Amino acid sequence: MPALEPFPGAAFFRTGRRSPIITAMGRRLVAEKCGKYTTGPGPEWTDIDRRSYAAWQSKIGFSASDADGIPGLQSWNRLKVPATRGAGSRVFSPVPGHNVTTAYHKEGRHWSLGYHTGADYAAPQGTPCVAVLSGTVRAGKDKSFGDYLVLSSGGFDYWYCHLSHWDITSGPVRAGQQLAEVGTTGNSTGPHLHFEKRPAHGRFGSDLAPLW
């Protein structure tokens, strides 16, 4: 059986979101004779996607608020959207299209340990952040790191910090799956992703070179 796209969370589906996942979903809706498209589908989420998905929800027996056109876990799993990237795909950056702008272990008095504990990726607010490996995630809030996600994989924790939006807050994820968006929450001087690696369950200060 081909790999399927895991449910990215209901918050993923909002106006302006662009992703190959939306294209793959739309193609499945067309195959199920629920597509309302005149062009496309995808890659941007629009009201046509919502109307098409509502038709799918109605087709499988949902009604009223359960057929509002916003994907949920049960209807998504039944749609069987094919994976847009293989689980072993190489992900070159946690912020696709952006490289490190402040290196790991750079020294400076404005960092509490006297050095930078991760790698920063400066990017406009709202820029997508993706899983660098397959694993599981959990979300949290911190005075310094702001809104963050922790991706646990292979005995390590990968911290995504200063986020403006979570696409998923818990559960399994696949390499390349969109997790969140760049922001400037917490102790931040501007929009960027602070990406940090620690041993599994490691405390602040147990940082490692942020490689994967």
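All figures in this text were calculated on a predicted structure; none of them were measured in a lab.
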> Rounded to the nearest 0.5 Å, how far apart are CG of Leu151 and CD of Gln177?
Replying inline: 10.0 Å

> Would you say the side chain of Asp157 lies within less than 4.5 Å of the side chain of Val150, judging by non-hydrogen atoms?
Replying inline: yes

> If only atom types and distance count, is the side chain of Ser52 paired as donor or acceptor with the main-chain N or O of Ile48 below 3.5 Å?
Replying inline: yes

> With the threshold set at 4.0 Å, does a side-chain nitrogen-carboxylate oxygen contact exist between Glu44 and Arg14?
Replying inline: no

> CD of Glu32 to NZ of Lys80: how many Å apart, nearest 0.5 Å?
Replying inline: 9.5 Å

> Ala24 and Pro82: which non-hydrogen atoms are nearest, and at how many Å?
Replying inline: CB-O, 4.1 Å

>> Before you tell me yes or no, could you show the steps for Asp207 and Glu196 under side chain to side chain contact (heavy atoms under 4.5 Å, CB included), namely the whole-Å CA-CA distance, both residues' side-chain angles and the distance that decides it to 0.1 Å?
In response: CA-CA 7 Å; Asp207 51 273; Glu196 187 167 315; 4.1 Å; yes

> Do Arg198's NZ or CZ and the ring of Trp159 fall within the cation-pi criteria of under 6.0 Å and 45°?
Replying inline: yes

>> Taking Val130 as the starting point, is it possible to reach Tyr158 by hopping between hydrophobic residues whose side chains are less than 4.5 Å apart?
In response: yes

> Looking only at heavy atoms, what is the nearest atom pair of Gln57 and Gly69, with distance?
Replying inline: OE1-N, 2.7 Å

>> Could you walk me through whether Thr101 and Asp120 satisfy the side chain to side chain donor-acceptor pair (under 3.5 Å) test, starting with their C-alpha distance in whole Å, then the side-chain angles of each, then the deciding distance to 0.1 Å, before giving a yes or no?
In response: CA-CA 6 Å; Thr101 51; Asp120 285 351; 5.8 Å; no

> Going through the checks in order, is the side chain to side chain contact (heavy atoms under 4.5 Å, CB included) test met by Phe7 and Leu79?
Replying inline: CA-CA 11 Å; Phe7 180 53; Leu79 186 59; over 6 Å; no

>> My understanding is that only one of Phe145, Trp212, Tyr104 makes a ring-ring contact (aromatic ring centres under 6.0 Å, His included) with Phe195; could you say which?
In response: Trp212

>> Is the shortest side-chain heavy-atom distance between Gln125 and Thr184 below 4.5 Å?
In response: yes

> Any side-chain donor-acceptor pair under 3.5 Å between Asp68 and Ser65?
Replying inline: no

>> Could you report the tightest heavy-atom contact between Thr46 and Asp49, atom names first, then the distance?
In response: N-OD2, 2.9 Å

> What is the distance from atom CZ of Phe62 to atom OH of Tyr53, rounded to the nearest 0.5 Å?
Replying inline: 8.0 Å

> Is the backbone N or O of Gln178 less than 3.5 Å from a side-chain atom of Asp167, with the two atoms forming a donor-acceptor pair by type?
Replying inline: no

>> Looking at every heavy atom in both Pro210 and Ala119, which two are closest together, and how far apart are they?
In response: CG-CB, 3.9 Å

>> Given the ring of Phe156, does Lys197 sit roughly above its face, with NZ or CZ under 6.0 Å from the centre of the six-membered ring and within 45° of the axis?
In response: yes

> Are any of the side-chain heavy atoms of Ser170 and Arg138 separated by less than 4.5 Å?
Replying inline: no

> Once you round to the nearest 0.5 Å, how far does CG of Asp142 lie from OG1 of Thr185?
Replying inline: 9.5 Å

> In Å and rounded to the nearest 0.5 Å, what is the NZ to CG distance from Lys59 to Leu29?
Replying inline: 9.5 Å

> Closest approach of Tyr37 and Gly26, non-hydrogen atoms and distance?
Replying inline: OH-CA, 3.4 Å

>> Looking at every non-hydrogen atom in both residues, tell me the closest pair between Ser134 and Ser153 and how far apart they are.
In response: O-OG, 2.7 Å

> Where do Trp45 and Met25 land on the side chain to side chain contact (heavy atoms under 4.5 Å, CB included) test, with the steps shown first?
Replying inline: CA-CA 10 Å; Trp45 175 262; Met25 176 207 71; 3.8 Å; yes

> Using the ring of each side chain (for Trp, its six-membered ring), is His116 parallel, tilted or perpendicular to His194, with breaks at 30° and 60°?
Replying inline: perpendicular

> How far apart are the C-alpha atoms of Val173 and Ile168, what are their side-chain angles, what is the distance that settles it, and do they pass the side chain to side chain contact (heavy atoms under 4.5 Å, CB included) test?
Replying inline: CA-CA 9 Å; Val173 297; Ile168 183 169; 3.9 Å; yes

> Hey, are the side chains of Pro43 and Ile22 touching, using non-hydrogen atoms and a 4.5 Å cut-off?
Replying inline: no

>> Check for me whether the distance between the ring centres of Tyr121 and His98 falls short of 6.0 Å.
In response: no

> Residues two or more places apart in sequence or in another chain: which of them pass ring pair (Phe, Tyr, Trp, His ring centres under 6.0 Å) with His165?
Replying inline: none

>> Rounded to the nearest 0.5 Å, what separates atom CH2 in Trp56 from atom OG in Ser58?
In response: 11.5 Å

>> I'd like to know if Val95 and Tyr148 are part of one continuous hydrophobic network [Ile/Leu/Val/Met/Phe/Trp/Tyr, side-chain heavy atoms within less than 4.5 Å].
In response: no

> Is any side-chain heavy atom of His162 less than 4.5 Å from a side-chain heavy atom of Leu193?
Replying inline: no

> Are the side chains of Pro124 and Pro191 in touch, meaning some heavy atoms are under 4.5 Å apart?
Replying inline: no

> Do NZ/NE/NH1/NH2 and the carboxylate oxygens of Glu181 and Arg17 come within less than 4.0 Å?
Replying inline: yes

>> Between Leu149 and Leu163, is there a side-chain heavy-atom distance shorter than 4.5 Å?
In response: yes

> Are any of the side-chain heavy atoms of Val132 and Tyr160 separated by less than 4.5 Å?
Replying inline: yes

